[in-house]
Structure formats: structure tokens, C-alpha cells
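Read through the structure below, which is laid out as C-alpha cells, and then see the notes.
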Number of protein chains: 2
Amino acid sequence: MNALTSRQQQILEFIRQHLELESMAPSLREIAAHFGFRSMTAAADHVRALQRKGVLETHPHRARSLRIARPWSPRRRQIVDIPLYGAIPAGFPDSRRQEAQGCISIDLENLSLHPGPRTFALEVKGDSMIGRHILDGDIVVLEHGLTPRNGDIVAALIDNESTLKTLVLERGKSWLRAENPRYPQLIPAAELVIQGVMIALLRRRRNS
Amino acid sequence: MNALTSRQQQILEFIRQHLELESMAPSLREIAAHFGFRSMTAAADHVRALQRKGVLETHPHRARSLRIARPWSPRRRQIVDIPLYGAIPAGFPDSRRQEAQGCISIDLENLSLHPGPRTFALEVKGDSMIGRHILDGDIVVLEHGLTPRNGDIVAALIDNESTLKTLVLERGKSWLRAENPRYPQLIPAAELVIQGVMIALLRRRRNS
DNA sequence: GGGTATACTGTTCATTTGAACAGTTTATGA
DNA sequence: TCATAAACTGTTCAAATGAACAGTATACCC
């Protein structure tokens, strides 16, 4: 079932090398050309067989979409750099590395999510979220554009500063519950810019 | 010369993440779609600018041939797998992956530590450490053999089970303060096996 | 012998895609 | 004020590409 024929291993190896060297998958015609096939259907057949055996994955109808399936992938760690901001000034984070204070890298499997360019991190300042067990200095990973659920912790823009709040869904409306006493208990969510929904939290031992 | 505009950095970041997540570059139309451009020329302009500034390379006339130029290419991060245990039965964790329930991977720079074979992780069960803002389901990263400081959270072996406690240094002696009411408030540290000192905590959004 | 998998040739078609052309708008510096 | 760059809209074209269809030949298993 899983046994690859010698030819299939050659094809797989070529795809693997092409991915590594050129950082893009070969097209079917390039595979055919490399092996001297006069028809690209030969390459397509092999790719289909490798897919059937589970070692290759493709995104249908997309050019150069071949990739090695996870279990056979050489421990390809899906780790994404997430920009870490002190504060997010405007409506949506820029993902500018220069402005980011740093980067955190988290393994995807742990988060069971797919960080996109809209994932970012904030360092928590103050104890305003201590009611939700988030401490000063904690790093909060957020995703912009994620649909928040009741009770989720979100970052909202207040006074040109990113502030963490709890989202409350009540009577079909969404409110933001502030743990910070400087602001009213409930704010209609529509009045504020929701910058992101918290998807993870990272706390480090104090270095002092 | 090399200064990227904020928009260009966004584009670059999107390409970088697309490359990493899908192991293929986005097409110009995908870039345009992601940023809401109604014309793909906008995306093409940005890509051209990034090429001119030397951070992107392409293979002309090839689909999805974008790649990050060498100097800006993502540096290899030092990432260490830390075994995740449900509980540590014996005096010291074996670091045997077979017995681990899973692995978490964390970037070293973030933790500013040197994970060795003595670093491990535990999933917290119950709310016994809620007084220190550690919740049920949190993952605690610990290091064995680290000299604990006053107030550090440590894992101790009680009733053949790993339990988190707060270390208290008082009158030259070390005690373990249990947050769990089933055990006395203070236990002389010498009576227990300290399995590790907490160096980090990871909390994930609930999937339910 | 019949069925099936492998390993191809040869061709056509519809999409995907990069590239190019012709504009507009705004900001910035000379 | 002019020049330039950035950041777009809108359109067209040709090449690159995946997918499908119709075959051929060989080997292997039941």
C-alpha cells in the first residue's frame, strides 16, 4: 500500500529537492522534462500515485502546489514568527517588523491554529486583566478577524492604546467588559475597534 | 534604499507566511485578493518594488516563483522539543519521548534559557494553582535542577503525582506552600522531591 | 484468461498566472 | 511648481499550467 516503487521514489526525491533548492514545487511539465518524459501525463500519473499513497499533497487547480505530506515531511516545523508589539496604535496592526518590539515563535501544533499575517502578540502591561488570570508582563497572542465567542478575551483600541477586554454576548448584542476601573463596565462592541481575539498566552519566569 | 514602506512590509510578511504555511508562494492575484486590491497590478507593483529593494527574488514567467532573498531569508531558529507529560511518576522525568503525551516547541530566544534534557512540560489539572493565576489546562514548562528563588513555582512529587507548589524561602529554610487545601500549608522542601522549577507557561484558547 | 497496477505517448481544453499598458490619486522633496 | 515615488484601478494578452481523454505496453496476481 505504502510501498513506493523505485520510479516513484525518484519522482518524490526530485520534487523534494526542487522544493528545497528553489523553494517552489516543480510543475508537471518540469517533472516530465527532467525525467525525459515526452508526455506530462506520465508525470501527472506519478504525482497522482504519490498522492494516493499519501506522501504528496496538492491544492487542486493551483500551479506548483505540490508539497510533501506531513508525516513524510522532514520534520518540517510549522513555526511562525509573530510580531510582538508594545501597543497597536491604529485600527489594524501593520505587521511591520521594524516597529515590533520582537518576535515570538510558536509551534503550530500546540496552538492548533493557522497563524496568518493577522496574528500578532502584545505584552500585557498592568494588572487590569488579573480577573482573567492575565498578569503584568504576560504575552498575549491575538488574531485579527477571528470571530470571537462569548467570554473570549479581545484587544480593543481605547484612547489610541490596545486594551484587553472580555467579550460578552448578551441579548443578541456584544459588549466589552472592562476589567479596568477607569472605563465603564460594559461598552457596546460596535463603538470600539476590535483588534484581535486572544488565542494564546505565554508567561515567562521573571529574570530579575 | 532598503527602507521598506509599511505596505511593502505587509506584503512581504504575507508572502513570507504564505511560503511557510503552504510551502508555496502566493500568486499575484492571491496577494491582491488578500489585501482587497481590485487590481492585481497593485500587487505586481509591490512585488516589483520588493525585488528592486532586493528582498524578493523571482523566476520570470514562472507561476508562484517568489522567494525571499538570501540575506533576508528566515534564519534557522533554534527550537527545542520539550516533552509534555501528564504526570511524572518517578523522582526525575526520563525525557523519554515515548512516555510523553506530546511535545511542545518553543523558540529559545523568547524564553532566554537553555532547554536541556532536563526541561519538560506538564499540563495543569484542576484549579489548585489559581491563586498564582495558573488555570486548568495550562501547560507549564519546568526545568529540573534549576536553583529556585523565593516565590518560584515548582513541581513536587506528592503521592506519586506531580503537584505544583510555591517555594517559600523563610528563615534560611525552604518551604513549599500548597495552594491545594488537601495538604498542609507549609511543607519542608527537604521532605519532597522537587522535580522542576517553572520557567514558562503556555495557555491556549479553548477549542470547545 | 481477466483484472489491476505501473509506466508511459500524444493531444486538447479551460484556468491560472505573469506581464504589460494606460490611467488616477496622494504625498514628498527639489 | 515640477518631478518622483507610492499605491492603487481596470483591462488585455500570451504563456504557463493542471486536468482530462484516448491510447499502448508490461508485469503480476488470482
Side-chain angles (χ1 to χ4, degrees), chain A residues 1-15 18-19 22-69 90-96 98-99 117, chain B residues 1-15 18-19 22-69:
Chain A
M1 168 86 76
N2 181 23
L4 301 188
T5 68
S6 107
R7 200 55 158 163
Q8 285 167 359
Q9 281 176 39
Q10 287 176 32
I11 308 274
L12 178 62
E13 186 56 27
F14 172 69
I15 294 171
H18 203 284
L19 272 169
E22 316 245 17
S23 71
M24 70 189 194
S27 67
L28 292 179
R29 280 168 183 82
E30 282 170 350
I31 297 173
H34 181 265
F35 288 96
F37 303 156
R38 316 184 76 183
S39 164
M40 60 199 165
T41 307
D45 280 350
H46 281 120
V47 166
R48 250 190 298 272
L50 288 168
Q51 273 182 264
R52 182 163 41 78
K53 292 182 177 181
V55 295
L56 275 189
E57 287 174 352
T58 109
H59 219 125
H61 294 284
R62 288 180 143 189
R64 300 177 184 277
S65 65
L66 291 175
R67 59 179 159 180
I68 313 278
F92 175 64
D94 265 346
S95 290
R96 302 189 212 172
Q98 272 74 353
E99 292 195 359
Chain B
M1 167 89 73
N2 182 23
L4 301 188
T5 68
S6 122
R7 202 55 160 160
Q8 285 167 359
Q9 284 175 40
Q10 285 178 28
I11 308 274
L12 177 61
E13 184 60 23
F14 174 68
I15 294 170
H18 202 286
L19 273 168
E22 314 245 18
S23 69
M24 70 189 195
S27 67
L28 292 178
R29 280 167 183 82
E30 282 170 350
I31 297 174
H34 180 268
F35 288 95
F37 301 156
R38 316 185 74 183
S39 165
M40 61 202 165
T41 307
D45 279 350
H46 282 119
V47 166
R48 252 189 298 271
L50 289 168
Q51 274 182 266
R52 182 165 39 80
K53 293 182 178 181
V55 294
L56 275 189
E57 289 175 351
T58 100
H59 221 125
H61 294 284
R62 287 182 145 190
R64 299 176 183 279
S65 64
L66 293 175
R67 60 179 156 180
I68 315 274

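These values consider heavy atoms only, across backbone and side chains, with no hydrogens, waters or symmetry-generated copies. In what follows, chains are A, B, ... by sequence order, proteins preceding strands, each numbered from 1.
Summarising the geometry, the separation between CE on A/M24 and C1' on C/dT16 is reported as 15 Å, rounded to the nearest angstrom. Between the NE2 atom of A/H59 and the C1' atom of D/dA19 there is a distance of 16 Å, rounded to whole Å. Protein atom CG of A/L50 is 14 Å distant from nucleotide atom C1' of C/dA5, rounded to whole Å. Put simply, CZ on B/F37 is 14 Å from P on D/dA6, counting in whole angstrom units. The interatomic distance linking B/L28 (CG) with D/dC8 (C1') rounds to 15 Å, in whole Å. Residue B/I31 contributes atom CD1, which lies 17 Å from atom P of C/dT16 at whole-angstrom precision. Rounded to whole Å, the distance from NE2 on A/H61 to P on C/dC13 is 17 Å. The CD1-P distance, from A/I11 to C/dT6, rounds to 13 Å in whole Å.
Shown here are the ring-ring contact (aromatic ring centres under 6.0 Å, His included) partners of A/H34, two or more places apart in sequence or in another chain: A/F14. In terms of the side-chain hydrogen bond (donor to acceptor under 3.5 Å, both in side chains) criterion, residue partners of A/R7 (sequence neighbours excluded) are, by chain and number, A/Q10. Scored by the side-chain hydrogen bond (donor to acceptor under 3.5 Å, both in side chains) test, B/S65 finds no partners at all (sequence neighbours excluded). The side-chain hydrogen bond (donor to acceptor under 3.5 Å, both in side chains) search around A/Q9 returns none, not counting sequence neighbours. With sequence neighbours excluded, no residue forms a side-chain hydrogen bond (donor to acceptor under 3.5 Å, both in side chains) with B/S27.
Set against C/dG18, D/dG18, D/dA20, the side chain of A/R48 has D/dA20 as its closest nucleotide. Side-chain atoms of A/P60 lie closest to D/dA19 of the nucleotides C/dA19, D/dA19, C/dT6.
Heavy-atom distances under 4.0 Å link DNA chain D to A/M40, A/T41 of residues 38-47 of chain A, given in residue order.
Backbone-only engagement by A/R7 is indicated by non-hydrogen atom pairs under 4.0 Å involving sugar-phosphate atoms exclusively.
B/R62 has no side-chain polar atom (N or O) that falls below the 4.0 Å cut-off from OP1 or OP2 of C/dG18. Taking side-chain N and O atoms only, A/T5 has a distance below 4.0 Å to OP1 or OP2 of C/dA7. A close approach under 4.0 Å does occur between a side-chain nitrogen or oxygen of A/R52 and OP1 or OP2 of C/dT6. Between B/R64 and C/dT17 there is a side-chain N or O to OP1 or OP2 distance below 4.0 Å. In this model, the phosphate group of D/dA6 is approached by a side-chain N or O of B/K53 to a distance below 4.0 Å at OP1 or OP2.
The rotation axes computed at either terminus of the helix from C/dG1-D/dC30 to C/dA30-D/dT1 lie 30° apart, taking five pairs at each end and rounding to 10 degrees.
Here the closest heavy-atom approach between residue A/A25 and residue A/L19 is recorded as N-CD2, 3.7 Å. In terms of heavy-atom proximity, A/A32 sits nearest to A/A43 at N-CB, 3.9 Å.
If you find the closest nucleotide of DNA chain C to A/S6 and to B/P26, the one lying nearer the 5' end belongs to A/S6.
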Checklist entry - Would A/I68 and A/V55 count as a side chain to side chain contact (heavy atoms under 4.5 Å, CB included) if you check the C-alpha gap in whole Å, the side-chain angles of each, and the deciding distance to 0.1 Å? => result CA-CA 6 Å; A/I68 313 278; A/V55 295; 5.7 Å; no

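Between B/L12 and B/L66 there is no side-chain heavy-atom pair separated by less than 4.5 Å. You'll find the side chain of A/T58 stays beyond 4.5 Å of the side chain of A/R67, heavy atoms only.
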Please tabulate, one pair per line, each protein N/O and nucleotide N/O from nucleotides 28-30 of chain C that are separated by under 3.5 Å, including the distance.
none

Restricting both atoms to N or O, compile the protein contacts to nucleotides 25-30 of chain D shorter than 3.5 Å, with distance only.
none

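Listed by first and then second residue, the ring-ring contact (aromatic ring centres under 6.0 Å, His included) pairs involving residues 42-62 of chain A are A/F37-A/H46 (not counting sequence neighbours). Within the structure, the salt bridge (charged side-chain N to carboxylate O under 4.0 Å, His left out) test picks out the following pairs touching residues 26-37 of chain B (sequence neighbours left out): A/R62-B/E30, B/E30-B/R64. Annotation: salt bridge (charged side-chain N to carboxylate O under 4.0 Å, His left out) contacts involving residues 39-48 of chain B, sequence neighbours excluded, comprise B/D45-B/R48.
Note that CZ of B/R52 is 9.0 Å distant from CG of B/L50, once rounded to the nearest 0.5 Å.
Checking side-chain atoms of A/Q8 against main-chain N and O of A/T5 turns up a donor-acceptor pair under 3.5 Å.
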